[in-house]
Q: 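Sharing a structure here in structure tokens format.
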Number of protein chains: 2
Amino acid sequence: MRATGAATPGSPLDPTASVPATVAVGGAAIPEATVARLPVYLRALTALADAGTTTCSSEELAAAAGVNSAKLRKDLSYLGSYGTRGVGYDVEYLRYQIAREIGVTQDWPVVIVGIGNLGHALANYSGFRSRGFRIVALLDAAAGRRGEEVAGLPIRSFDELESVVAEHRVAIGVVATPAAAAQEVCDRLVAAGVTSILNFAPTVLAVPEGVDVRKVDLSIELQILAFHEQRKAQAEGGAARAADAAEVIA
Amino acid sequence: MRATGAATPGSPLDPTASVPATVAVGGAAIPEATVARLPVYLRALTALADAGTTTCSSEELAAAAGVNSAKLRKDLSYLGSYGTRGVGYDVEYLRYQIAREIGVTQDWPVVIVGIGNLGHALANYSGFRSRGFRIVALLDAAAGRRGEEVAGLPIRSFDELESVVAEHRVAIGVVATPAAAAQEVCDRLVAAGVTSILNFAPTVLAVPEGVDVRKVDLSIELQILAFHEQRKAQAEGGAARAADAAEVIA
DNA sequence: ACCGGTTTGTTCTCACGTTCACAAACTCCT
DNA sequence: AGGAGTTTGTGAACGTGAGAACAAACCGGT
């Protein structure tokens, strides 16, 4: 099993995952941590372009993306030399280069499996379509919701998975089922030819070599916040009442 | 601004973020990467307990959590010596210890701001309550939805934010608004006393020192998958057609 | 009581990621 | 044309995380 790490991380890096470190094939090797930040830069550039900015420095862009400017420059240097010394970056040009590198200049067909509350929200999320992703089918096991329209698409039977994937050449699947069903759904997605999976179910998915899995886990994120929150509270009531020093960097 | 990093990752590490590396105060320092994995272990242990398992080895638990066993043991060693050599870990005991370390043995009141499709799904997500988080209020700016009940809670005016936070001593806020409103909502949450924010809006939030922000960004996750998918496709059609070697570790 | 088998906790090494600092290169002004 | 100022791209140092390997410790049987 391989999983795209991020510390992400990362998420932040992806907490669980054996990280392949760098990704290379035709082009140069791009560190996984950099890959995870490229979409952030892309979004920041789009915002700048919408605001009418035509040129920006690494300092400005870094501020908009919430990262260190040196890190930004190093990240961009993996893609090539798209800036001009003494001037900065052309917003539109850099935006296109990053979009091309990520692959969002083309159209990615996506299937969503599991149309509960979350699947419903995902189907309606406008951020997908505007960023190169096109939802081609909504699948659900429950016969009750069959045929119901969500975001302009009918909910279809899970049995149609194979035909949908084949017809639209779907490479990316989204799993939004309950945890109990996730592994089985995942297996069938992989068997049908899907090679990238975005998993919202609170489970660790096992997949064969060559298939990428990324996990989005809402309660884990909250638990990480709770951990830090507890530490803050301990520091507050702790022996020294050390003002604002909720954390000590060791 | 400080943000809980996570190589992540996870995003995996959180892609954007200056990482504080380790967290310490009263107890020992715990690496940020370890903190991000603790909830995963907790979930795996709960699954084992539900299956009737009373004892497990680091190998078994690591498999259930999808990590290397050496990494698991090292992670657990930061919390203390809760295992028995030659035997393994007592599932229930370890589960409690991790839960206590994370802070989910206590109850965390949470407010959700922005009750659109996503906020709706979050309000209905059962995984929160079962893991020590209690949603105390749903807030939305739109007057139209005022009073409507979602998951047993009425949608209240955003103006009630301050009183709700004060009354329930809320430390954690969830932002599920459109991107344009996110920063303003964030500012008011912080001003009201919230010190941890889970952000679903596709924006970088600026917060003062001492406030933690974690970001969950759906389209970024898809873009990372698209990047790898594109690389796979390039490898496929590339010069050597190098079988399954979609990635070359440099 | 002792010995073999098992599993944890920890040390050590290596690779990755971040940041600093600076040379190269470009623009603008004189 | 030349120089001052600015900004990129990159080399090097540092800190963190991952994984292998091993010693310490525990159990059970004889």
Side-chain angles (χ1 to χ4, degrees), chain A residues 3 5-24 28-37 55-63 66-90 93-94 97 249-250, chain B residues 3 5-24 28-37 55-63 65-90 93-94 249-250:
Chain A
T8 209
S11 192
L13 301 189
D14 193 350
T16 68
S18 303
V19 189
T22 55
V23 188
I30 299 184
E32 192 57 41
T34 297
V35 172
R37 281 187 293 265
T55 298
C56 72
S57 68
S58 65
E59 205 72 46
E60 295 173 79
L61 184 53
V67 301
N68 184 297
S69 71
K71 182 152 52 174
L72 169 73
R73 287 200 301 276
K74 177 154 271 189
D75 283 343
L76 294 184
S77 75
Y78 291 117
L79 312 186
S81 287
Y82 296 133
T84 309
R85 302 183 188 214
V87 179
Y89 301 94
D90 181 281
Y93 180 60
L94 182 58
Q97 293 300 339
I249 298 172
Chain B
T8 120
S11 190
L13 304 187
D14 193 349
T16 66
S18 302
V19 189
T22 53
V23 187
I30 297 183
E32 194 56 43
T34 297
V35 172
R37 282 188 294 266
T55 299
C56 72
S57 68
S58 66
E59 205 73 44
E60 295 174 78
L61 183 54
V67 301
N68 184 295
S69 69
K71 183 153 51 175
L72 169 73
R73 288 200 299 279
K74 182 174 265 188
D75 283 342
L76 295 184
S77 76
Y78 291 117
L79 312 185
S81 287
Y82 296 133
T84 309
R85 301 182 189 215
V87 179
Y89 300 94
D90 182 281
Y93 180 60
L94 182 57
I249 298 174

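Here is how names work: the chains are called A, B, and so on, in the same order as the sequence lines, proteins then strands, and each is numbered from 1. Note: hydrogens, waters and symmetry copies are ignored here, and every other heavy atom, side chains too, is used. Quick caveat, the model's predicted, so the values are computed rather than measured.
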Q: Distance from A/E59 atom CD to A/N68 atom CG, nearest 0.5 Å?
A: 8.0 Å
Q: Measure across B/Y78 and B/A29 and return the closest heavy-atom pair with its distance rounded to 0.1 Å.
A: CD2-O, 4.0 Å
Q: Partners of B/A62 by side chain to side chain contact (heavy atoms under 4.5 Å, CB included), sequence neighbours excluded?
A: B/V67, B/S69, B/L72
Q: Polar atom pairs between nucleotides 28-30 of chain C and protein, under 3.5 Å, N or O only, would you list them?
A:
none

Q: Does any pair with a residue in residues 75-87 of chain A pass salt bridge (Lys or Arg N to Asp or Glu O under 4.0 Å), and if so which ones, sequence neighbours excluded?
A: A/R37-A/D75
Q: From CG of A/D90 over to P of D/dT8, roughly how many Å is that when rounded to an integer?
A: 13 Å
Q: So which nucleotide from C/dT8, D/dA20, C/dA21 ends up closest to the side chain of A/R73?
A: C/dA21
Q: Tell me the bend of the helix from C/dA1-D/dT30 to C/dT30-D/dA1 as the angle between end helix axes, each from five pairs, rounded to the nearest 10 degrees.
A: 0°
Q: Taking OP1 and OP2 of C/dG17, is either one under 4.0 Å from a side-chain nitrogen or oxygen of A/Y78?
A: no
Q: Ignoring backbone atoms, test whether A/N68 places a side-chain nitrogen or oxygen under 4.0 Å from the OP1 or OP2 oxygen of C/dC20.
A: yes
Q: In whole Å, what is the span from the CD atom of B/E59 to the P atom of C/dT8?
A: 8 Å
Q: A/Y82 side chain N/O closer than 4.0 Å to the phosphate oxygens (OP1, OP2) of D/dT7?
A: no
Q: Separation of B/I30 atom CD1 from D/dG17 atom P, in whole Å?
A: 12 Å
Q: When the distance from CG of A/D75 to P of C/dT18 is rounded to whole Å, what number comes out?
A: 7 Å
Q: Heavy atoms under 4.0 Å is the rule here; annotate nucleotides 23-30 of chain D 5' to 3' with B where the base is hit, S where only the sugar-phosphate is, and - elsewhere.
A: -BBBS---
Q: Classify the side chain of B/K74 versus the base of D/dG19 as yes if they form a donor-acceptor pair under 3.5 Å and no if they do not.
A: yes
Q: May I have the distance from B/E32 (atom CD) to D/dA18 (atom C1'), rounded to whole angstrom?
A: 17 Å
Q: Could you give the distance from OG (A/S58) to NZ (A/K74), rounded to the nearest 0.5 Å?
A: 13.5 Å
Q: Calculate the interatomic distance between A/L76 atom CG and D/dT10 atom P; express it in whole Å.
A: 11 Å
Q: Using whole Å, report how far NZ of A/K71 lies from P of C/dA21.
A: 17 Å
Q: Going by the rule side chain to side chain contact (heavy atoms under 4.5 Å, CB included), which residues pair with B/Y82 if we only count those two or more places apart in sequence or in a different chain?
A: B/L79, B/Y93, B/L94, B/Q97, B/R100
Q: Check the phosphate of C/dT7 against B/S58, side-chain N and O only, distance under 4.0 Å to OP1 or OP2. Yes or no?
A: no
Q: Which whole-number value in Å describes the distance from A/E60 CD to D/dT8 C1'?
A: 14 Å
